[in-house]
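Heads up, the thing below is written out as structure tokens.
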Amino acid sequence: MGKKDKVSETPATALLRQHGVSFTEHPYDYLEHGGAQHSAQELGMDPFAVVKTLIMQDQDAKPLVVLMHGNRKVSTKNLARQIGLKSVEPCAPEVANRHSGYLVGGTSPFATRRNMPVYIEESILALPRICINGGRRGYMVGIDPQVCVQMLQAKAVNCALAE
């Protein structure tokens with residue numbers, strides 16, 4: 001990794017280092033509204049292994065985090081049913097920014113401003129490695145998906161829909 005590929009520390013990478021988690025850094029050219037499909041393409045990775053961090057809210061506007069494959073979307077109806085809520089919907093970007101402390105497009109599930117329950121699509125846990133946002137737009141980190149369970153107490157759910 002050359003000097004120019006080095007990305008400055010984010011709250012997410014600081015937390016990973018503090019917990020002794022080994023990760024790889026993957027900077028890429030961020031594209032507004034490009035999403036996980038764009039980052040996967042930029043990094044030459046399978047979008048199924050690029051995990052997006054989605055800030056959602058329940059019927060009482062309580063926030064929660066959903067980790068989903070880059071080429072899938074969340075069935076909010078299935079998710080709500082599985083976790084015992086009436087409804088789940090995506091937060092407005094400015095609300096998501098407030099809850100997470102990150103800008104949408106650079107949201108990491110690690111070191112969020114608010115402590116929120118985390119749900120992870122079950123099939124992500126079967127992957128050997130995933131790329132997930134490192135806390136800045138245009139910056140992913142490669143980790144073992146089990147880190148999400150160990151550090152975030154992420155609960156497995158089955159709510160993926162094809163995009």
Side-chain angles (χ1 to χ4, degrees), residues 1-30 35-40 42-58 62-72 74 79 82-85 88 90-91 93 95-160:
M1 181 178 256
K3 193 96 170 141
K4 69 178 181 65
D5 291 335
K6 195 79 183 120
V7 177
S8 61
E9 194 88 297
T10 67
T13 56
L15 185 70
L16 290 170
R17 284 186 215 288
Q18 186 186 326
H19 282 83
V21 173
S22 73
F23 61 91
T24 53
E25 297 183 283
H26 303 275
Y28 66 95
D29 287 328
Y30 176 76
Q37 296 276 22
H38 170 74
S39 49
E42 280 281 307
L43 296 168
M45 295 180 177
D46 180 349
F48 193 73
V50 172
V51 174
K52 50 191 174 185
T53 304
L54 305 167
I55 308 295
M56 299 200 161
Q57 63 187 15
D58 68 12
K62 287 199 182 86
L64 55 113
V65 177
V66 181
L67 304 178
M68 181 55 70
H69 297 286
N71 58 355
R72 300 285 187 275
V74 175
L79 177 63
Q82 284 179 50
I83 62 177
L85 296 172
V88 173
C91 286
V95 175
N97 293 346
R98 232 181 5 256
H99 288 318
S100 71
Y102 295 107
L103 291 175
V104 168
T107 305
S108 174
F110 300 103
T112 54
R113 179 176 291 152
R114 284 188 70 174
N115 198 13
M116 300 175 271
V118 179
Y119 299 94
I120 186 167
E121 178 59 32
E122 193 172 32
S123 48
I124 292 171
L125 296 171
L127 296 170
R129 278 192 84 69
I130 58 170
C131 245
I132 195 161
N133 200 288
R136 177 174 292 124
R137 290 174 171 176
Y139 178 56
M140 305 287 273
V141 292
I143 59 169
D144 178 326
Q146 295 303 322
V147 169
C148 298
V149 175
Q150 294 152 1
M151 283 184 60
L152 305 170
Q153 285 76 53
K155 293 173 188 65
V157 291
N158 198 335
C159 60

query = What do the steps show when you test M45 against M140 for side-chain contact (heavy atoms from CB on, under 4.5 Å), and what is the final call?
reply = CA-CA 11 Å; M45 295 180 177; M140 305 287 273; over 6 Å; no
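- The CG atom of L152 sits 8.0 Å away from atom OG1 of T112, with the distance rounded to the nearest 0.5 Å.
- In this structure, NE2 in H99 is found 5.5 Å from CZ in R114, a value given to the nearest 0.5 Å.
- Side-chain contact between T107 and N133 is absent, with no heavy-atom pair separated by less than 4.5 Å.
- No side-chain heavy atom of V50 sits less than 4.5 Å from a side-chain heavy atom of L43.
- Scanning all heavy atoms of the two residues, the minimum distance from G134 to T13 falls at O-CG2, 4.1 Å.
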request  = With side-chain contact (heavy atoms from CB on, under 4.5 Å) as the test, would you mind laying out the steps for S108 and T10 before giving the verdict?
outcome  = CA-CA 10 Å; S108 174; T10 67; over 6 Å; no
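- Side-chain contact between I120 and V157: absent, with no pair of heavy atoms (C-beta onward) separated by less than 4.5 Å.
- Between the OH atom in Y28 and the CZ atom in R137 there is a gap of 9.5 Å [rounded to 0.5 Å].
- The side-chain heavy atoms of H19 and M151, taken from C-beta on, include a pair separated by under 4.5 Å.
- When atom types are taken as modelled, the side chain of R136 and the backbone of P27 share no donor-acceptor pair closer than 3.5 angstrom.
- Under the 4.5 Å side-chain criterion, counting only non-hydrogen atoms from C-beta, R98 is not in contact with P63.
- Residues forming a ring pair (Phe, Tyr, Trp, His ring centres under 6.0 Å) with F48 (at least two apart in sequence, or on another chain): H69.
- At least one donor-acceptor pair under 3.5 Å links the side chain of N97 to the backbone N or O of V104.
- Of the inter-residue distances, the one linking L16 atom CG with I132 atom CD1 reads 9.5 Å to the nearest 0.5 angstrom.
- A distance of 10.5 Å separates CD in Q82 from OH in Y119, rounded to the nearest 0.5 Å.
- In this structure, I55 and M116 have side chains that are in contact, with non-hydrogen atoms separated by less than 4.5 Å.
- From S100, atom OG reaches atom CZ of R113 across 7.5 Å, with rounding to the nearest 0.5 Å.
- In terms of heavy-atom proximity, C131 sits nearest to H26 at SG-CD2, 3.6 Å.
- Closest non-hydrogen pair, L125 versus Q146, comes out as O-NE2, 3.3 Å.
- Scanning both residues, L79 and C159, for their nearest heavy atoms gives N-CB, 3.9 Å.
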key: Candidate pair Q37 and N71, rule side-chain contact (heavy atoms from CB on, under 4.5 Å), full reasoning   = CA-CA 6 Å; Q37 296 276 22; N71 58 355; 3.5 Å; yes
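- The salt bridge (Lys or Arg N to Asp or Glu O under 4.0 Å) pairs that include a residue from residues 43-54 are K52-E163, where partners are two or more places apart or lie in different chains.
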task = For side-chain contact (heavy atoms from CB on, under 4.5 Å), just list the numbers for Y30 and S39, CA-CA rounded to whole Å, side-chain angles, deciding distance to a tenth of an Å, and then say yes or no.
result = CA-CA 7 Å; Y30 176 76; S39 49; over 6 Å; no
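- Looking at I130 and L67, their side chains never come closer than 4.5 Å, going by heavy atoms from C-beta outward.
- Minimum heavy-atom separation, A40 to P47: CB-CA, 3.7 Å.
- L64 and Q57 get closest at one heavy-atom pair: CD2-C, 4.2 Å.
- Distance alone, capped at 3.5 Å, is enough to place a donor-acceptor pair between the R129 side chain and the G142 backbone.
- L54 is not listed as a side-chain neighbour of V65, based on a closest heavy-atom distance of 4.5 Å or more.
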